[in-house]
Structure formats: C-alpha cells, structure tokens
Amino acid sequence: MVMRLLWEPLPELWPAAPKRPAGLRGLIAWVRDTAAALSQRDDIERRMRRAATQAIVREAYQQTLAEQDSEHRRPAEFADVWKTRLAALLSRETVEVSGWSQIAIADLDTDLGWSLYAAASRARSEAIARATATPSRPGRVADSQTLFYEFSIAAGDEHPLGHVRYEICELCSVGLLNKISFSLDWQFCGLGTVALRQMEIRHPGLTWYTSGQYSHAKGFYERYRQDSDSPWTEKQHPCRHF
Ligand SMILES: [Zn+2]
C-alpha cells in the first residue's frame, strides 16, 4: 500500500470519494455530475497537478530513505523526518524532482500532499505492525545432510518486506541463518527480530548461529541474544554436517 500510494497513479477521487446520494433521483443526478466532471477539459492538467503533488511526497520519502544507511531511524522517527522534509519542499517556490521539469509549488494542492503523506505514513506503520512470517518452505540441496528452509516477512497486500534463508542439522540440533534481507524501505523496523523469533519457535530446541554478519548488524545480534537461549554468533560450520 505504501508503494502503491507513492508510485502508482492516484485514483481520480482519492482521498475521498463523495458519498453517493440515496434515492433514484439523487443517484441519477450524481451519475450525470460525475460523468460531466470527468470529461472536463482541464482533466489532464488536474491529473498532472495531482501527480506532481505525489512526486513531491515521494521525493520527501526518498530523501529520508537515503539517510537510513547512516541514521538507522525507527519507524516513528522516520515518519517525523519524512514530514519535516515534505514541509521543507512545500515551503519552496519550485522543486526539481527527477522525471519532472520544475514543479511550481503554488500550482499544487498542498492539502492533497498532506493527505497523501498521512495515508502513506499510516500504511507504513500498519504494514510494520502487521508484518508476519510466511510458512517455512523446505528446499533441498543435493548431497546435503542438512535441511534448507526459506520464508518471507509479509504484511497483507504489500510485496514481501524481506526474505530469510536458513539451514538446520537435526542430528546435532543446530540451526544456521544463511541470509536475511530487507529492502531499505523496511530496515530498522524491528522485522529482523520477528524473523529470528519465528525460527526459534518453528524449530524449538536448536542452538542457532549465523553464517556471517555485516558490521552494521552486529548491534542487532548483540541485542537479540540478550533474550535468546542461542548464541547467534558467526559460524560458517556450527557442526561437521554443514
Ligand atoms: Zn550436525
């Protein structure tokens, strides 16, 4: 939903479709008025203005996202900074956004911009709150004495927010996280914790390790192992079967 709101053309009547009146007479008038409104000659210009407004909200989002590598902002703080960036863009006379010639802010419907920010920002926090792990799908690797699994972290109609791949040795009761990846949009949202917790729940009694840890993720594993029975340290071969 977040991506759809920011990247796909907005429905003509977004954010609020006017309520259809009750009664046949009212309904006929409504259909006639709606049809007339849609065929107005300024339609294209109006659509362009809406798309330009959307481009500005998206630009503010991407500016905030670009800082995530260094800032690691949690969802609430991310939303605040995104809002501040949007306010800054809307306070300018013109804004340049890739794919657009200069956008004159005075031509825009800033209320639409703020509605769009509110909806996309709410959709983002709802996706994070609703995110769950899909069932583990087994994968086979020839000549392997271990079992491979994969699952995604998903939230309703969003594309998967992240992917996880892991391997277990039942003989030695050992688990190994091979790969965990989230697109930048969904990093620093607590979803890594959701993923690791699921692995522990799905395969109780295993001792878990990771195959490698990026330096920026070390802090994550340090925090996670406080509440886990497993070490979650780096180990390429936690037992001789890997
Ligand atoms: Zn083993």
Side-chain angles (χ1 to χ4, degrees), residues 1-4 64-79 123-242:
M1 190 67 178
V2 185
M3 305 304 154
R4 201 184 308 156
T64 314
L65 201 61
E67 292 177 346
Q68 279 297 71
D69 269 335
S70 57
E71 297 297 328
H72 302 184
R73 292 187 178 108
R74 306 277 154 190
E77 195 193 349
F78 183 96
R124 185 173 193 265
S125 58
E126 280 174 8
I128 292 164
R130 283 205 326 260
T132 51
T134 60
S136 292
R137 297 180 303 272
R140 269 265 163 223
V141 174
D143 299 332
S144 175
Q145 293 175 283
T146 59
L147 301 163
F148 283 84
Y149 292 97
E150 285 176 329
F151 65 84
S152 302
I153 298 290
D157 65 344
E158 295 286 347
H159 292 293
L161 315 183
H163 297 282
V164 178
R165 188 169 185 272
Y166 63 98
E167 189 179 352
I168 65 174
C169 174
E170 289 179 324
L171 277 173
C172 307
S173 298
V174 164
L176 181 67
L177 171 61
N178 286 314
K179 191 166 189 245
I180 179 165
S181 58
F182 292 95
S183 69
L184 192 55
D185 303 83
W186 303 108
Q187 286 176 20
F188 315 107
C189 298
L191 301 178
T193 302
V194 172
L196 268 53
R197 193 65 71 211
Q198 271 306 305
M199 292 157 64
E200 292 178 326
I201 290 169
R202 291 174 185 188
H203 307 277
L206 298 190
T207 302
W208 287 96
Y209 300 91
T210 67
S211 60
Q213 293 171 9
Y214 293 113
S215 56
H216 71 260
K218 299 251 190 245
F220 165 72
Y221 288 104
E222 260 163 45
R223 283 190 300 278
Y224 188 82
R225 70 171 68 97
Q226 309 297 320
D227 295 316
S228 171
D229 295 329
S230 281
W232 290 104
T233 45
E234 271 179 278
K235 222 169 189 182
Q236 288 293 333
H237 305 284
C239 74
R240 64 193 172 87
H241 302 106
F242 284 86

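Whatever order the structure lists ligands and atoms in, that order sets their numbers, starting from 1.
- Residues passing the side chain to side chain donor-acceptor pair (under 3.5 Å) test with Arg4, sequence neighbours excluded: Asp157.
- For residues 197-214, the pairs satisfying salt bridge (charged side-chain N to carboxylate O under 4.0 Å, His left out) are Arg197-Glu200, with sequence neighbours left out.
- Applying the side chain to side chain contact (heavy atoms under 4.5 Å, CB included) rule to His241 yields the partners Gln145, Thr146, Cys169, Leu171, Cys172, Cys239; only residues at least two apart in sequence or on another chain are considered.
- Note that the OG1 atom of Thr210 and the CG atom of Asn178 stand 9.5 Å from one another [nearest 0.5 Å].
- Within 6.0 Å of the NZ atom in Lys179, the count of heavy atoms belonging to other residues, nucleotides or ligands does not exceed 12.
- Around the Zn ion (ligand 1), the protein atoms of type N, O or S that sit closer than 2.8 Å are Cys169 SG, Cys172 SG, Cys239 SG, His241 ND1.
- Ring pair His72/Phe188: centre-to-centre distance below 6.0 Å.
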